[in-house]
Amino acid sequence: MSENNTYPFVNLPLPYAYDALEPFIDEKTMHLHHDKHLQTYIDNLNAALEKEARIKQLPLWQLICYTDKLPQPLQKTIRNNAGGVFNHRFYFEQLTNPSDGKPTGELLREINKTFGTVDKLKSELKAAALSVFGSGYAWLVVDGKELKIVTTANQDAPCNYCPLLNIDVWEHAYYLKHYNVRADYINDLLQIINWRVVEERFSKCMT
């Protein structure tokens, strides 16, 4: 996620067509999610940083994870909107259709070591995503050198970990197709994970 990592932020194009994730995620949702919701976070973040000469030089991850070091009046706005930018970009980059199936190599070994099987990992990710009250995310992360599943509320990011994969459970991510049935959305999403992207993230986390 090095591209456009500092102010001014722009809405990077999706790495696939808007309809590429059909039938799992519909084209209309992708337009709304990427072009409207993500764009709003980008616009709000740029507006908050516009007159902050020192702060605008910070990379996105620092804006998210060190907001307590920023001027108090800016902390909430920057945390929410910087998180919205990072979390959405992270989410969109990890999807592909058709999916490449399952993880391989060292990531697969770590998944088997921690969770037993890939299916068990998916089951635990689904349970975590269903446990989020209201809006937020479930994440597969590296904690030290070990895999772990965590959740965050709203647009908070897992600052104490190295993230590998996330499940966006804000209603705008799925409501047009899946209505209020979050479980069906999660089942569909887990079928279009780009495990090659997740493996690349894992490799970076472990170095």
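Below, all heavy atoms of this structure are taken into account, side chains as well, without hydrogens, waters or symmetry copies. Please read all numbers here as calculations on a predicted model, not as lab measurements.
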With side-chain contact (heavy atoms from CB on, under 4.5 Å) as the criterion, how do Asp188 and Ile25 come out once you've worked through the C-alpha distance, each side chain's angles and the decisive distance to 0.1 Å?
CA-CA 8 Å; Asp188 278 352; Ile25 300 180; 5.8 Å; no
Any chance you could lay out the side-chain contact (heavy atoms from CB on, under 4.5 Å) test for Leu60 and Ile64, step after step, and finish with the verdict?
CA-CA 6 Å; Leu60 185 60; Ile64 298 166; 4.2 Å; yes
Test log, rule side-chain contact (heavy atoms from CB on, under 4.5 Å), inputs Leu63 and Thr67
CA-CA 6 Å; Leu63 287 173; Thr67 50; 5.7 Å; no
Please assess Trp170 against Tyr137 for the test side-chain contact (heavy atoms from CB on, under 4.5 Å), listing each intermediate value before the final yes or no.
CA-CA 8 Å; Trp170 282 67; Tyr137 294 79; 3.8 Å; yes
Per-pair distances, 0.1 Å, donor-acceptor, side chain in residues 143-151, under 3.5 Å, sequence neighbours excluded:
unit_1: Lys145; atom_1: NZ; unit_2: Met206; atom_2: O; d: 2.8
unit_1: Lys148; atom_1: NZ; unit_2: Tyr161; atom_2: OH; d: 3.3

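Inter-residue side-chain proximity for Leu45 and Asn80 is flagged as unmet; no heavy-atom pair is nearer than 4.5 Å. For the pair Phe86 and Pro163, the minimum side-chain heavy-atom distance is below 4.5 Å. Phe115 has its side chain within reach of Leu140: a pair of non-hydrogen atoms, C-beta onward, lies under 4.5 Å apart. Under the 4.5 Å side-chain criterion, counting only non-hydrogen atoms from C-beta, Leu95 is not in contact with Asn194. Proximity of Tyr7 to Asn46: side-chain heavy atoms (C-beta onward) are separated by under 4.5 Å at one or more points. Contact of the Val169 side chain with the Ser135 side chain is not registered, since no non-hydrogen atoms from C-beta on lie closer than 4.5 Å. With a 4.5 Å cut-off on side-chain heavy atoms, Val141 and Cys162 do not count as touching. By the 4.5 Å heavy-atom criterion applied to side chains, Leu190 and Phe24 are not counted as neighbours.
Each of Leu12 and Val85 belongs to its own hydrophobic cluster when Ile, Leu, Val, Met, Phe, Trp and Tyr are linked at side-chain heavy-atom distances under 4.5 angstrom. Hydrophobic clustering, with ILVMFWY side chains joined whenever heavy atoms are under 4.5 angstrom apart, groups Tyr185 together with Leu130. Linking ILVMFWY residues whenever their side-chain heavy atoms come closer than 4.5 Å, directly or via other members, leaves Tyr66 and Leu49 in distinct clusters. Both Trp195 and Leu108 are members of a single hydrophobic cluster when ILVMFWY side chains are connected at heavy-atom separations under 4.5 Å. Under a hydrophobic clustering in which Ile, Leu, Val, Met, Phe, Trp and Tyr are joined whenever their side-chain heavy atoms come within less than 4.5 Å, directly or via other members, Tyr91 and Tyr16 fall into the same cluster.
With values rounded to the nearest 0.5 angstrom, Ile192 atom CD1 is found 6.0 Å from Asn97 atom CG. Distance check, rounded to the nearest 0.5 Å: CD1 of Ile111 to NZ of Lys122 gives 9.5 Å. Summarising the geometry, atom CG belonging to Leu70 is positioned 7.0 Å from atom CG belonging to Leu58; distances are rounded to the nearest 0.5 Å. Considering CZ of Arg79 and CG of Asp68, their distance stands at 9.5 Å, rounded to 0.5 Å.
Among all heavy-atom pairs drawn from Asn87 and Ala157, the shortest one is OD1-CB, 3.7 Å. Of all heavy-atom pairs spanning Leu165 and Ile167, the tightest one is CD2-CG1, 4.2 Å. Residues Ala48 and Ile78 approach most closely at CB-CG1, 4.3 Å, considering heavy atoms. Pro71 and Ile55 get closest at one heavy-atom pair: CD-CD1, 3.5 Å. Contact between Thr6 and Lys56 at its shortest, heavy atoms only, is CB-O, 4.4 Å. Leu125 and Ala138 make their closest contact through O-CB, 4.1 Å (heavy atoms, listed as atom of the first residue, atom of the second, distance).
Using modelled atom types, no side-chain atom of Asp156 and backbone atom of Thr152 make a donor-acceptor pair closer than 3.5 Å. Using modelled atom types, one side-chain atom of Lys177 and one backbone atom of Pro23 make a donor-acceptor pair closer than 3.5 Å. With Glu199 contributing its side chain and Thr104 its backbone, the two residues share a donor-acceptor pair below 3.5 Å. Panel note: side chain Glu22, backbone Glu27; a donor-acceptor pair is recorded below 3.5 Å.
Side-chain atoms of Gln155 and Tyr41 form a donor-acceptor pair, as typed in the model, at a separation below 3.5 Å. For the 3.5 Å distance criterion, the side chains of Asp43 and Thr40 fail to qualify, holding no donor opposite an acceptor. In the model, Gln94 has a side-chain atom that pairs as donor or acceptor with a side-chain atom of Asn166 under 3.5 Å. Side chains of Asn11 and Gln39: a donor-acceptor N/O pair is present below 3.5 angstrom, by distance only.
Below 30°, between 30° and 60°, or above 60°: for His34 and Tyr18 the angle between ring planes is above 60°, a perpendicular geometry. Relative orientation of the Phe92 and His88 rings is tilted, given thresholds of 30° and 60° on the angle between their planes. In this pair, His33 and His37 present their aromatic rings perpendicular. The plane angle is above 60°, beyond the 30 to 60° band.
Ion pair Glu124/Lys120 flagged as a salt bridge, since at least one NZ, NE, NH1 or NH2 atom sits closer than 4.0 Å to an Asp/Glu carboxylate oxygen.
Cation-pi check for Arg201 over Phe90 is met; the charged atom lies under 6.0 angstrom from the ring centroid and within 45 degrees of its normal.
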